[in-house]
Amino acid sequence: MNTINITLPDGSVRQYPHGVTSMQIAQSISEGLARNVLSATVNGEVWDATRPINGDASLKLHTWNDKEGKATYWHSSAHLMAEALEALFPGVKFGIGPAIDNGYYYDVDTGDTTLTPADLPRIEEKMMELAKNKNSYIRREVSKADAIAYFTDKGDEYKLELLEGLEDGQITFYTQGNFTDLCRGPHIPDTSSIKAVKLMNLAGAYWRGDEKRKQMTRIYGITFPKSKELTDYLELLEEAKKRDHRKLGAELELFMFSDKVGQGLPIWLPKGTQLRERLQNFLRAEQEKLGYQMVVTPHIGSKTLYVTSGHYAKYGADSFQPIHTPKEGEEFLLKPMNCPHHCEIFGHRPRSYKELPLRIGEFGTVYRYEQSGELHGLSRVRGFTQDDAHIFCTVEQVKGEFLNVLELTQMVIRKMGFDNFTAQISLRDPGKPEKYIGSEENWNAAEAAIIEATKEVDMETTTVLGEAAFYGPKLDFMIKDALGRSWQLGTIQVDYNLPERFGLEYIGSDNQAHRPVMIHRAPFGSMERFISILIEHTAGKFPLWLTPDQFALLPISDRLVPYCESVKAELARHDIRGFIDERAESIGRKIRDTELKRVPYMLIIGDKEAENGQISVRRQGQGDLGTMDISDFITRFTAEL
RNA sequence: GCCAGAUUAGCUCAGUCGGUAGAGCGGCUGUUUCGUAAUCAGCAGGUCGCGGGUUCGAGUCCCGUGUCUGGCUCCA
């Protein structure tokens, strides 16, 4: 047979000579496509576009515009960087160098020389110089013995270790220019499409992710086929920097940290507290509508509580250590989660099936000893408040409760101005039933309930097997912000373990004791983390109903302050809140300062407005909206809420 | 916790070869009473993160340590 059948994604079948490459197929379709093709999926596996196809195959060509194309491109860029490093730092050793979501990295060991950020431009230059050589990426199958010989000769113990895990017969090398690497591939045809490079940063990374092993230097980089795309990407990063919640949090006086109070312990300032409490009140009201009952539990709990829950055995050593009292033998732990307290609430008196589902909610402040290097603004802290609740129910009720939580979360997220909202469902690893507690029937029922519930609310989901907790399946919420970055919010988890450990029971209609199922849910994770995401998503321009100050009254002269007072009082009667800027500053200055504080409405008051009983309205970020009656403003304002 | 970098006035930053500290913004005082993004002037702010060391002399060099930043590992 001299010809093979190639099936394209549209289902059409074309015939090509045996040994044809994806590149040649692209050429037969169009020159333009051939110029842009980076790799191809052949029978479900991503291949080099230059690799011969030796049998009937399905084929999908990849360009810069798809995920696989970018991944190939960036992985090849990592090799290009390695070539540049080898030219500049002879003797450098290489770990692994994969593509990531935005670019690639390569872990390197430069021996006694330490790389510094000042070295990066030099490496970038070398990469561009090498890219211009238009070197092809050449794939070569090698025997294990030859491969070992090559890297032994080179003295790269990392590659040798990687080789140990590979089987003879499936080892390939890729070479471009003067650089040869152990690599499964695939790679782009040649280096000429790499037109712009930026090495982002340097970081330490453990060899094979093991903190007991040597730390290598990880160099992060990104490349693009057009220099304009690099410029755009760097602008996006600039924008992200401007929106950094740590920066905005300080500028807008929302929160602070103090070395004396302790790292990772946020202090909420008046404006931030207003924002947070308003958000909390909104969430509380919505949850009460859905049948949640709010409780308050102490910030510490006896060690016994956590021994019972099992958390002490699992996390005790890595937590804030017990608080000891003057009387010996008393030990308390800072509350790291609210569930044990809520279990005690359920168990404090006999429960009837008629009370289920029992939904116990709490804005519960918890303390966790996060490693110091993990702390980050408000998104990773040591003291935070969960929008927590525990639902005690029957297995039959799990689906309804999931629906309830999904709908609540969707509604709140939309109200907050996010529109891209997805979920990850984590189920058992079907091959390892011994890893999980709880009966087979209960697991099946709960997993089915979660999947059905997400279908009913029409939510985009991904399902991952083996990611469930040992005590039950779970669902994690994800949102994308205005810059397209993904954030993980909170979770809903089914738990068969804690009711067991706390011996929780209810009396069923059959007059027998039954064990309830417990659902943990904190859809937003924590107030701290959620607000950090909200700050970055909105760039500090919070939704009107939520923002601390909704307007600023800006009198042109201090003789107009009394009129401002009357306007403020009138707006207050309509629950519109704000302040008067009474400073002896020019109106231009007051407007500038108020714009920077992201106060949504600026009401400029001069003699004309005072005479006519009107206000001149300016919207933050939009400019002058003209003069209007106060009642018209209230109408406009209320419509925007 | 680990690797790398940073740490100077409230903030953003400058500070040369080691010779005793500087700007802008902000603050205060005065001035300006103004029409849609900074009125003008003066003044006050610093144990150069902290603790040691080298030196006649340390913001600057060395050691230790705190905190922050970027990653790694971790995240009930």
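Because only heavy atoms are used, hydrogens play no part in the values below, and waters and symmetry mates are left out as well, while side chains stay in. Naming: A, B, ... by sequence-line order, numbering from 1 per chain.
Nucleic acid contact for A:Ala469: none, since no nucleic acid atom lies under 4.0 Å from a heavy atom of the residue. Using a 4.0 Å heavy-atom cutoff across all strands shown, A:Gly209 reaches sugar-phosphate atoms only and no base atom. Residue-level contact check: A:Thr217 touches neither bases nor backbone, having no heavy atom under 4.0 Å from any strand.
Comparing the same atom, P, in B:G26 and in B:U39 gives a spacing of 9 Å after rounding to whole Å. For the P atom pair drawn from B:G52 and B:G70, the interatomic distance equals 32 Å after rounding to whole Å. For the C1' atom pair drawn from B:C56 and B:U20, the interatomic distance equals 13 Å after rounding to whole Å.
Taking 4.0 angstrom as the limit, A:Arg380 places none of its side-chain polar atoms (N or O) nearer than this to OP1 or OP2 of B:C74. When the side-chain nitrogen and oxygen atoms of A:Tyr206 are compared with OP1 and OP2 of B:A4, none of them lie within a distance under 4.0 Å. Between A:Arg583 and the phosphate of B:U33, there is no side-chain N or O to OP1/OP2 separation shorter than 4.0 Å. Here A:His376 reaches the OP1 or OP2 of B:G70: one of its side-chain N or O atoms lies under 4.0 Å away. One finds a side-chain N or O of A:Gln263 lying less than 4.0 angstrom from the OP1 or OP2 phosphate oxygen of B:C68. In this model, the phosphate group of B:U39 is approached by a side-chain N or O of A:Ser586 to a distance below 4.0 Å at OP1 or OP2. Contact annotation: A:Arg589 side-chain N/O to B:U39 OP1/OP2 distance is under 4.0 Å.
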Apply ring-ring contact (aromatic ring centres under 6.0 Å, His included) to the pair A:Phe637 and A:Phe551, showing each step before the final yes or no.
CA-CA 10 Å; A:Phe637 185 96; A:Phe551 67 81; 8.0 Å; no

Show, in sequence, the C-alpha distance, side-chain angles and deciding distance for A:Glu536 and A:Trp487, and conclude whether the side chain to side chain donor-acceptor pair (under 3.5 Å) test is met.
CA-CA 11 Å; A:Glu536 305 211 355; A:Trp487 299 95; 5.6 Å; no

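Within residues 603-621 of chain A, the residues approached by RNA chain B to less than 4.0 Å at the level of any non-hydrogen atom are A:Ile604, A:Gly606, A:Asp607, A:Lys608, A:Glu609, A:Ser616, A:Arg618, in residue-number order. A heavy-atom distance below 4.0 Å to RNA chain B is reached by these residues of residues 309-317 of chain A, ordered by number: A:His311, A:Tyr315.
A cation-pi arrangement is not found for A:Arg382 relative to A:Tyr367, the charged atom failing to lie both closer than 6.0 Å to the ring centre and inside a 45° cone about the ring normal. Stacking of A:Arg619 on the aromatic ring of A:Tyr601 is recorded, both the 6.0 Å distance cut-off and the 45° axial limit being met.
B:A41: Watson-Crick or G-U partner is B:U29, with both key distances under 3.5 Å. Pairing partner, B:C61: B:G53, with both Watson-Crick or wobble hydrogen-bond distances short of 3.5 Å. Remark: B:G46 base-pairs with no nucleotide in the shown strands. Criterion, Watson-Crick or G-U wobble with two distances under 3.5 Å. Of the nucleotides present, none pairs with B:A21 by Watson-Crick or G-U wobble criteria with both distances under 3.5 Å. In a base pair of the Watson-Crick type (N1 to N3 plus N6-O4 or O6-N4) or a G-U wobble (N1-O2 and O6-N3), with each distance short of 3.5 Å, B:G70 is matched with B:C3.
For the pair A:Glu344 and A:Phe502, the minimum side-chain heavy-atom distance is below 4.5 Å. By the 4.5 Å heavy-atom criterion applied to side chains, A:Met127 and A:Leu199 are counted as neighbours. Counting heavy atoms from C-beta on, the side chains of A:Phe363 and A:Met294 come closer than 4.5 Å.
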Return all side-chain donor-acceptor pairs below 3.5 angstrom for residues 248-269 of chain A, not counting sequence neighbours, or 'none' if the list is empty.
unit_1, atom_1, unit_2, atom_2, d
A:Glu251, OE2, A:Lys247, NZ, 3.2
A:Ser258, OG, A:Lys260, N, 3.1
A:Ser258, OG, A:Val261, N, 3.0

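The side chain of A:Arg368 lies closest to B:A76, out of B:U33, B:A76, B:U67.
Counting to the nearest Å, the P atom of B:C72 and the OH atom of A:Tyr105 are 8 Å from each other. To the nearest angstrom, P of B:G71 lies 15 Å from CG of A:Leu199. Note: CE (A:Met200) to C1' (B:A4) measures 17 Å, nearest angstrom.
Classified by its glycosidic torsion, B:C56 falls in the anti category, the angle being over 90° from 0.
Aromatic ring orientation, A:Tyr233 versus A:Phe224: tilted (interplanar angle from 30° to 60°). Between A:His390 and A:His520, the ring planes are perpendicular. Angles over 60° get that label, and only those under 30° would be called parallel.
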